[in-house]
Structure formats: structure tokens, C-alpha cells
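Bear in mind that the values here come from a model prediction, so they are computed numbers and not experimental data.
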Amino acid sequence: MTDISAHLQPEITLDQQLALHTAATRLAEEFDASQMALGFFTHLAGEHAIAWSGGSEPGIGINPAAIAAMAERGIDISEEFPKPWTDEVVRAADVVVAMGCGDACPVFPGTRFENWNVEDPAGLDLAGVRPIRDEIERRVRRLLDELNVTNTW
């Protein structure tokens with residue numbers, strides 16, 4: 001039997017709950033970008049690390065231009081779908097990457113938070129999504145390097 005007591009997080013305050021909800025709402029607006037980040041992370045890290053993507057109020061689908069832009073890199077995100085995430089998912093993470101929540105991002109002791117301000121690809125065509133995709137790829141590669149996660153590509 002595994003002792004999970006070392007992995008339990010302390011209860012969060014009402015202020016932290018409000019900050020988490022606010023951040024999650026803002027993150028839901030950045031869904032296409034987070035799915036591209038998830039696609040790169042999963043593709044590059046392989047079995048060496050696990051990532052999740054989601055929001056508290058997920059949208060209904062992914063921009064077809066984001067799917068096409070990732071397909072150009074050999075990464076299929078067409079089967080991804082908007083997913084809710086919970087406090088437990090955030091607390092279990094070693095690193096939480098937020099996209100555009102700024103000061104509203106929740107903070108949990110022991111969890112590293114990064115705020116990646118990238119343009120929202122929603123509504124953009126393929127040509128407009130490509131620079132965003134490339135910026136996300138650079139950031140994911142940097143994060144994997146910082147975490148000493150073996151890059152499979």
C-alpha cells in the first residue's frame with residue numbers, strides 16, 4: 001500500500017478558491033492555445049511526463065485552424081475536447097501553466113505557476129494561428145528543458 005499522506009495539500013482559503021475560479025474562467029478563453037500546448041508537451045515528453053489541459057468553464061470545441069496548424073507539425077489534437085479541471089488536478093501538478101490570467105492565477109504552496117501571455121487563436125485562420133503555435137512550441141520546449149524532461153523529438 002502506498003502512503004499518500006506526503007502528497008496531500010492543505011485546505012485552501014476562500015480567497016484562494018475565488019482566485020482559482022477567476023483564473024479558470026480566464027483560462028477557458030484560452031482553450032485552443034492550451035490544447036496546442038498539451039499537444040506539444042505530450043508529443044515531446046512522451047512517457048517521461050504527464051500533462052492535462054482544461055478549464056472551469058470549457059468551450060464546446062477546438063478551432064479547426066489550431067488543429068490544422070498542429071497537424072502541420074505531425075501532432076493530432078483533433079480528438080481533444082474541452083474538459084473541466086478541479087482543484088485536485090491543480091494541486092497535484094508540479095507546474096501549472098496559465099495563459100492570460102495574470103494576477104488572478106491561483107497559488108498553492110509547492111506548485112510552480114507560470115503565466116504564458118500568448119495571443120488567443122480563437123477565430124483566427126491557419127496563417128494567423130501558425131505564429132502562436134510556434135511560440136507555444138518554444139515555451140513548451142523551454143519548460144521541458146527546465147524540468148529536465150527528456151525530449152523525445
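- Taking CG from Asp145 and OG1 from Thr150, the interatomic distance works out to 10.0 Å, rounded to the nearest 0.5 Å.
- Rounded to the nearest 0.5 Å, atoms CD1 (Ile62) and CD (Glu79) are 9.5 Å apart.
- Taking CG from Asp94 and CG from Leu147, the interatomic distance works out to 7.5 Å, rounded to the nearest 0.5 Å.
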> Is there a side chain to side chain contact (heavy atoms under 4.5 Å, CB included) between Glu114 and Val96 once you walk through the steps?
Replying inline: CA-CA 6 Å; Glu114 288 195 17; Val96 173; over 6 Å; no
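- Proximity of Leu143 to Val95: side-chain heavy atoms (C-beta onward) are separated by under 4.5 Å at one or more points.
- Tested against Met36 for a side chain to side chain contact (heavy atoms under 4.5 Å, CB included), the candidates Ile132, Ile75, Asn63 yield a single pass: Ile132.
- Across every non-hydrogen atom of Ala33 and Pro121, the tightest pair is N-CG, 3.7 Å.
- The CD atom of Gln35 lies 6.5 Å from the CD1 atom of Ile77; values are rounded to the nearest 0.5 Å.
- Note: the hydrophobic cluster containing Ile136 does not contain Leu126 (ILVMFWY, side chain heavy atoms under 4.5 Å, direct or indirect links).
- Once rounded to the nearest 0.5 Å, the distance linking CZ of Arg142 with CD of Glu137 reads 13.5 Å.
- A salt bridge between Arg112 and Glu146 is present, with a side-chain N of the basic residue lying under 4.0 Å from a carboxylate O of the acidic one.
- Nearest heavy-atom pair across Ala45 and Leu144 is CB-CD2, 4.0 Å.
- Closest heavy-atom contact between Ile67 and Ser78: CG2-CB, 3.9 Å.
- Closest of all the heavy-atom pairs between Val140 and Trp116 is N-CH2, 3.7 Å.
- Using a 4.0 Å cut-off between a side-chain N of Lys or Arg and a carboxylate O of Asp or Glu, Arg133 and Glu135 do not qualify as a salt bridge.
- Of the charged side-chain nitrogens involved, none lies within less than 4.0 Å of a carboxylate oxygen, so that Arg139 and Asp134 do not count as a salt-bridged pair.
- Taken to the nearest 0.5 Å, the CZ atom of Phe40 stands 10.0 Å off from the CZ atom of Arg138.
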